[in-house]
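Contents: one structure, followed by commentary.
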Amino acid sequence: MTESRRQRSLSFGSEAAAYERGRPSYPPEAIDWLLPPDAHDVLDLGAGTGKLTTRLVERGLHVIAVDPIAEMLELLSSALPDTPALLGTAEQIPLPDNSVDAVLVAQAWHWFDREQAAAEVARVLRPGGRLGLVWNVRDERSGWVKNLGRIIGHEDAQFHQTTRLPAPFTDVEHHQVEWTSYLTPQALIDLVASRSYCITSPAEVRTRTLDQVRTLLATHPALVSATGLALPYITVCIRATLAG
C-alpha cells in the first residue's frame with residue numbers, strides 16, 4: 001500500500017461523527033446471506049463506528065469489533081458498551097487462533113493488504129468458518145445520484161464484485177441486494193464529508209466539494225425543499241469458506 005493510500009485508510013477519525021451520521025447501515029437480506037447459519041462468535045473487522053456491528057448485536061450474536069482508529073471505536077463503544085471493541089488491523093488481528101465462527105468486513109477490505117489479511121482471518125477463524133465481505137455502492141441510475149457522482153466521484157459495483165480471495169478460502173460466492181437508504185439533506189453532506197478523499201483533500205478542495213453538494217440539494221428538482229432523501233444502493237456481498 002502506498003503511503004498516500006495508507007493515510008487515506010486511517011483518515012476517518014477526524015470525521016468519525018460525520019461518518020456515523022451520514023453512512024448507511026446494511027440491509028438484513030445481505031447480512032442473512034453473509035452469515036453462516038450456526039454462527040455465534042463473529043468478528044467485525046474494520047468495524048468503524050459500528051454500522052454493521054449494531055446489526056449483528058441485534059441478532060443476539062457475540063460480536064467483537066476491531067478497527068485501527070480510536071475515534072471510530074469510541075463512537076461504537078458509546079452506542080454498544082457491552083461489545084468488545086479492540087484497536088487492531090486486518091494484518092494483525094488482536095484475537096487468538098480459532099476464536100470466531102465468522103469474520104465480516106464492511107466497507108473496508110479494499111484498504112487491507114489482502115494476502116496478509118487473508119492469512120490473519122484464516123488464523124482466527126475456526127475450521128470451516130466463513131469470511132464475508134460487503135460494500136454499499138450508490139446506485140447512480142437515478143438522476144440526482146448520478147449528478148452526485150459527478151461531484152464526488154462515481155462508484156462502480158463491478159469493482160467490488162471482481163474482488164478475489166486468496167487461499168485458503170474456497171467456495172467463493174457473490175450476491176447483491178438493491179435497497180434504498182433514507183436520510184436528511186444534512187446527512188448527505190455528512191456522508192460526503194466522511195469520505196476519505198474529501199477528508200484528505202486540501203481545505204479549498206474540500207470546501208468546494210461540499211458547496212457543490214449543497215448547490216445540488218438546493219437546485220435539483222427532485223431535491224429542492226426536500227426534508228428527506230431516498231438514496232438507492234447496490235450492496236455487493238462476497239462470502240467464502242475456510243478450507244480444511
Side-chain angles (χ1 to χ4, degrees), residues 1-26 46-52 54 67-79 87 89 106-112 134-160 180-236:
M1 183 187 296
T2 65
E3 184 58 29
S4 63
R5 184 166 175 78
R6 174 175 169 77
Q7 290 175 352
R8 283 183 60 187
S9 74
L10 298 174
S11 68
F12 299 102
S14 63
E15 290 292 339
Y19 192 106
E20 174 59 23
R21 292 191 302 263
R23 295 296 183 106
S25 184
Y26 297 90
T49 63
K51 290 291 183 176
L52 178 61
T54 299
D67 197 87
I69 302 174
E71 294 91 339
M72 303 287 268
L73 288 182
E74 286 174 10
L75 287 178
L76 186 153
S77 292
S78 67
L87 278 172
T89 67
Q107 224 74 22
W109 184 260
H110 55 285
W111 294 119
F112 302 163
V134 59
W135 291 270
N136 284 321
V137 181
R138 294 188 313 275
D139 184 347
E140 297 185 349
R141 288 175 292 185
S142 70
W144 77 266
V145 186
K146 185 179 293 187
N147 291 356
L148 179 67
R150 295 191 187 107
I151 297 170
I152 67 174
H154 294 292
E155 291 189 324
D156 182 8
Q158 186 65 27
F159 172 79
H160 300 302
T180 300
S181 175
Y182 296 93
L183 68 169
T184 66
Q186 180 57 50
L188 181 66
I189 294 170
D190 287 329
L191 185 155
V192 175
S194 71
R195 292 176 63 86
S196 62
Y197 88 90
C198 194
I199 296 170
T200 57
S201 292
E204 62 273 17
V205 175
R206 176 178 168 82
T207 298
R208 182 168 64 249
T209 299
L210 294 176
D211 283 346
Q212 289 175 329
V213 175
R214 293 186 181 96
T215 298
L216 176 66
L217 287 166
T219 59
H220 194 283
L223 304 178
V224 173
S225 301
T227 56
L229 312 179
L231 178 51
Y233 279 99
I234 300 170
T235 295
V236 177

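From a predicted model like this one, the values you see are computed outputs, not experimental measurements.
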Closest contact, heavy atoms only, [X] versus [Y]:
X: Pro232; Y: Ala230; value: CD-O, 3.5 Å
X: Ser194; Y: Ile199; value: O-CD1, 3.6 Å
X: Leu183; Y: Gly22; value: CD1-O, 4.4 Å
X: His220; Y: Gly143; value: NE2-C, 4.1 Å
X: Gly153; Y: Glu140; value: O-OE2, 4.1 Å
X: Pro24; Y: Leu191; value: CD-CD1, 4.5 Å

Test side-chain hydrogen bond (donor to acceptor under 3.5 Å, both in side chains) applied to Glu15 - qualifying residues, sequence neighbours left out: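 Residues passing side-chain hydrogen bond (donor to acceptor under 3.5 Å, both in side chains) with Glu15: Arg206.
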Please list, chain by chain and in numerical order, all residues satisfying side-chain hydrogen bond (donor to acceptor under 3.5 Å, both in side chains) with Arg21, sequence neighbours excluded.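 Per chain and number, Arg21 pairs via side-chain hydrogen bond (donor to acceptor under 3.5 Å, both in side chains) with Asp190.
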How many angstroms lie between atom [atom1] of [X] and atom [atom2] of [Y], to the nearest 0.5 angstrom?
X: Leu229; Y: Thr180; atom1: CG; atom2: OG1; result: 12.0 Å
X: Gln212; Y: Leu148; atom1: CD; atom2: CG; result: 10.5 Å
X: Thr49; Y: Ile69; atom1: OG1; atom2: CD1; result: 10.5 Å
X: Leu223; Y: Thr215; atom1: CG; atom2: OG1; result: 12.0 Å
X: Gln107; Y: Arg23; atom1: CD; atom2: CZ; result: 6.5 Å
X: Leu76; Y: Asp67; atom1: CG; atom2: CG; result: 8.5 Å

Under a 4.5 Å cut-off applied to non-hydrogen side-chain atoms, are [X] and [Y] in contact?
X: Trp144; Y: Leu231; value: yes
X: Ile234; Y: Arg141; value: yes
X: Asp139; Y: Val145; value: no

Classify the angle between the aromatic ring planes of Trp111 and Phe12 as parallel (below 30°), tilted (30 to 60°) or perpendicular (above 60°).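 Plane angle over 60°, so perpendicular.
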Between Lys51 and Glu20, is the side chain to side chain contact (heavy atoms under 4.5 Å, CB included) condition met? List the steps. CA-CA 8 Å; Lys51 290 291 183 176; Glu20 174 59 23; 3.7 Å; yes
Residues Arg214, Asp211: salt bridge by 4.0 Å N-O rule: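 A salt bridge links Arg214 with Asp211.
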Determine, stepwise, if the pair Ile152 / Cys198 fulfils side chain to side chain contact (heavy atoms under 4.5 Å, CB included). CA-CA 8 Å; Ile152 67 174; Cys198 194; over 6 Å; no
Could you tell me whether a side-chain N or O of Glu155 sits under 3.5 Å from a main-chain N or O of Val137, the two making a donor and an acceptor?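 Side chain of Glu155 to backbone of Val137, a donor-acceptor pair under 3.5 Å: no, none is there.
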Are any side-chain N or O atoms of Ser78 and backbone N or O atoms of Leu75, one a donor and one an acceptor, separated by less than 3.5 Å?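 A pair under 3.5 Å: yes.
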